[in-house]
2 protein chains.
Amino acid sequence: MATIKDVAKAAGVSIAAASLALNGKGSLSEETRAKIIETAERLNYKPNALAKGLVTSNKINTIGIIIPKPGTEFLPFVGMDILGGIGEVANEKKYNMLLDWEEGLGGTKVLDLVRSGIVRGLVFFLPLNDVTTFRALNDLNFPYVLMSRPPEGVYCSWVDVDNVDAAYQATVSLIKAGHTRISFSSPGPIDFLVSSDRHSGYRQALLSHNIAYDESYVSIGNGDIQSGKAAMTHFLSLKEPPTALIAGSNLLAIGMLESLKEHGLDHRDKAIITFDDSPLAESYGISAIHIPTNTIAKESARLLIKRIGHTRRVEPENIVIDAQLIVRNTFVPAR
Amino acid sequence: MATIKDVAKAAGVSIAAASLALNGKGSLSEETRAKIIETAERLNYKPNALAKGLVTSNKINTIGIIIPKPGTEFLPFVGMDILGGIGEVANEKKYNMLLDWEEGLGGTKVLDLVRSGIVRGLVFFLPLNDVTTFRALNDLNFPYVLMSRPPEGVYCSWVDVDNVDAAYQATVSLIKAGHTRISFSSPGPIDFLVSSDRHSGYRQALLSHNIAYDESYVSIGNGDIQSGKAAMTHFLSLKEPPTALIAGSNLLAIGMLESLKEHGLDHRDKAIITFDDSPLAESYGISAIHIPTNTIAKESARLLIKRIGHTRRVEPENIVIDAQLIVRNTFVPAR
DNA sequence: CTGAAAGCGCTTACAG
DNA sequence: CTGAAAGCGCTTACAG
């Protein structure tokens, strides 16, 4: 493959002149500049990113995306949506996208990635995080952005919806529709911030409307279809089953609908609101709190790239994105 | 961050000795080697991948994954499954994963990626491909693997299921269940190889069983839910509607089921077999040809990494993975 | 068994 | 306006 040396030789100039011309720097005559650029194109020259990175920032123009290991607790729709959003911004700004996840719970891979110089910044999409990794990144003054609120004790940039408020609004809309027996099913373990935030919003909404918080109306578990079925079965077994259900995830809601069917009921019998709107929720006609993951991803990438531009230590920035209730078939008023 | 110079100085040895020790090469005394390694750990030393890559292969240990742009015609479940599979192998072999897609139809980004030295090999997951890019890669002797059969005129390594055979088997199983009016809906435009292969298998199965091929039983279009509804509506409007339907994609099949419901029918009224099994198909109880995308991804990554190991030009390798019919609720015999 | 030197492909002051 | 030189962090023959 052609190197800058080849280009310089073919154009009959020095290597330095070639470099300057190709980077639009220095003061070359328009003539030589044009000749160099033309020669580079003719030779299909593309600067070696490693050499360039080594001599400039010691890093390569790549942003690392850290996600949960595929096949674990997160919706593929959300995953692809995020990758698409980050990629759109990255492409525009000429950054590459490196995808990775931690194999276990420790955070060693991320730090190795950083130290190896392969990435110039990181975007994290993780439900649960170990504080030490983020601390270490802070100490290195290494740019990163979370696509969620940071865990307790971490001071950093993040982009997220207000999950507490979203859950609050969802619950209130059900209360306004006349429901008083409203259940809540968490999208994952309660120590995931997203779970506890949504639970908190739900609880606050009940209490501010003088509805007692009842633990038997709460299920904590995974966010998959099976859990949804199990939750619905449990709720239906109560002496006073809930008339409205808040499902922490799409798959939960789908499981609930299926379970309803198995019990001879359908979507007209229970109000269901889910989080994380997706084509799935749409096709099932499930009312959903639309979390604009694509927007969150884009904003995160923008924040990160802006941050990469600063070499000095700068203040973290935070962006709160609005979530929105989308009413579909499963939003039925209390009878 | 610590460099090899820092390590050498702290350990009181030359830079060369440090490099040798850390790479397990050369002949150092066990004592100095141990001291160097220990020092490196203490300093959190991690070799700069750019410098290392520059001096060795001129490339970095990264495999590029080229997928369709997210949000376009492909199932997120499949996408995440593939990323998970490739990532598993890549992690094991100490490769990073770079994710990318072409913005338009030309293939310039891929070649730029290759020329910039950021990737050592490529895995392609694309329905449609331009021959020129692959030719250029061949000319550079650059390692790549397709997760699908190559387009006409491209000689390369690939891993895929036999879509013709899978469609053939699916169709035959319906014929054996007594169906003679069997429809086929393509998963995408017919010039996608996957579409034409499946269509071909379907057609061959009919003809080998003396069933006339009838164009009104064939719909060509996108693989989304809307197309599924449209196809079902069309089929139901025929004087003699099909009794069994082959849906080229999951979303198509779901659209068909929904449309059935809208027409007052359900899954017991029509046999439906879909391609690309997923948790979705499972939860809907749709019979599916299970395409083991995760396995295809892993095999592709293995093939690629093996190929990267050869500097000489070697013969391409091909792997055909078996697909398997999974019978669920929507497999009903003809009445 | 260990150190000094060259070089990977590039950029950036620094001379002329 | 252009060229010669140093250097980014590493590895690998090559001397000693």
Side-chain angles (χ1 to χ4, degrees), chain A residues 1-37 39-40 43-62 94 112-120 311, chain B residues 1-37 39-40 43-62 94 112-120 311:
Chain A
M1 283 186 263
T3 69
I4 198 169
K5 216 162 151 184
D6 301 327
V7 174
K9 191 182 289 180
V13 298
S14 73
I15 293 178
S19 172
L20 261 17
L22 293 166
N23 289 304
K25 291 184 179 170
S27 46
L28 305 183
S29 69
E30 257 330 298
E31 202 187 334
T32 37
R33 187 181 296 276
K35 187 174 56 182
I36 291 167
I37 291 177
T39 311
L43 298 183
N44 270 331
Y45 170 73
K46 174 86 188 171
N48 181 299
L50 278 54
K52 190 167 190 164
L54 186 60
V55 78
T56 53
S57 58
N58 240 344
K59 293 197 186 54
I60 212 171
N61 263 6
T62 295
K94 308 288 177 207
D112 280 353
L113 210 57
V114 167
R115 295 206 184 92
S116 70
I118 295 182
V119 290
R120 292 197 59 173
T311 44
Chain B
M1 285 186 264
T3 68
I4 198 168
K5 218 164 152 182
D6 301 326
V7 174
K9 191 183 290 179
V13 298
S14 73
I15 294 177
S19 171
L20 260 18
L22 292 166
N23 289 304
K25 291 185 180 171
S27 44
L28 304 184
S29 69
E30 258 329 298
E31 201 187 332
T32 36
R33 187 182 294 277
K35 187 173 60 183
I36 292 168
I37 290 177
T39 312
L43 297 182
N44 270 331
Y45 170 73
K46 173 85 186 171
N48 181 299
L50 278 54
K52 190 167 189 164
L54 186 59
V55 78
T56 54
S57 58
N58 240 343
K59 294 197 185 55
I60 212 172
N61 264 6
T62 295
K94 308 288 177 205
D112 280 354
L113 210 55
V114 167
R115 295 206 184 93
S116 70
I118 294 181
V119 290
R120 292 198 57 174
T311 44

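Note that these values count all heavy atoms, side chains included, but never hydrogens, waters or copies made by symmetry. So that the names make sense, note that chain A is the first sequence line, chain B the second, and so on, each numbered from 1.
Minimum heavy-atom separation, A/Ala18 to A/Ile4: CB-CG1, 3.9 Å. Considering all non-hydrogen atoms of both residues, A/Ala11 and A/Thr39 come closest at CB-OG1, 3.6 Å. In terms of heavy atoms, A/Lys52 sits closest to A/Pro47 at NZ-CG, 4.3 Å. Of all the heavy atoms in B/Ile60 and A/Leu50, the pair that sits closest is N-CD2, 3.9 Å. Between B/Leu28 and B/Ala21, the closest heavy-atom pair is CD1-CB, 3.5 Å.
Computed from coordinates, the B/Asp6 CG to D/dC10 C1' distance equals 13 Å when rounded to whole Å. In this entry the distance linking CD1 of A/Ile36 with C1' of D/dG3 reads 12 Å, nearest Å. A straight line from CD1 of B/Ile118 to C1' of C/dG9 spans 14 Å, rounded to a whole angstrom. For B/Leu54 and C/dA6, the CG to P distance is 18 Å, given to the nearest whole Å. As rounded to whole Å, 17 Å separates atom P of C/dG9 from atom NZ of A/Lys46. The distance between atom CD1 of A/Ile60 and atom P of D/dC10, rounded to the nearest whole Å, is 15 Å. Here D/dC10 presents its P atom at 13 Å from CZ of A/Arg115, a figure rounded to the nearest Å. If you take CE of B/Met1 and C1' of D/dC8, they are 14 Å apart, rounded to a whole angstrom.
Atom NZ of B/Lys46 sits about 8.5 Å away from atom CG of A/Leu113, to the nearest 0.5 Å.
Here C/dT2 is the nucleotide among D/dG3, C/dC8, C/dT2 with the atom lying nearest to any side-chain atom of B/Thr32.
Contact between the side-chain N/O atoms of B/Ser27 and the OP1/OP2 oxygens of C/dT2 is not found at any separation under 4.0 Å. OP1 or OP2 of C/dG9 lies within a sub-4.0 Å distance of a side-chain N or O belonging to B/Asn58.
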Quiz prompt | 5'-to-3' dot-bracket of DNA chain C (Watson-Crick, G-U; under 3.5 angstrom; crossing pairs as [ ]; | other strand) | solution = |||.||||||||.|||

Quiz item: What is the per-nucleotide protein-contact pattern of nucleotides 11-16 of chain D, from the 5' end, where B denotes a base atom under 4.0 Å from a protein heavy atom, S denotes such proximity for sugar-phosphate atoms only, and - denotes neither?
Solution: BB----

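For the pair B/Val119 and B/Lys59, the minimum side-chain heavy-atom distance is 4.5 Å or more. Residues A/Leu22 and A/Ile36 have side chains in contact (heavy-atom distance under 4.5 Å, counting atoms from C-beta outward). Between A/Leu54 and A/Asn58 there is a side-chain heavy-atom pair separated by less than 4.5 Å.
Mapping A/Thr3 and B/Ser14 onto DNA chain C by nearest heavy atom places B/Ser14 closer to the 5' end of the strand. DNA chain C is contacted by both A/Ala2 and B/Gly12; B/Gly12 maps to the nucleotide lying nearer its 5′ end (nearest heavy atom per residue).
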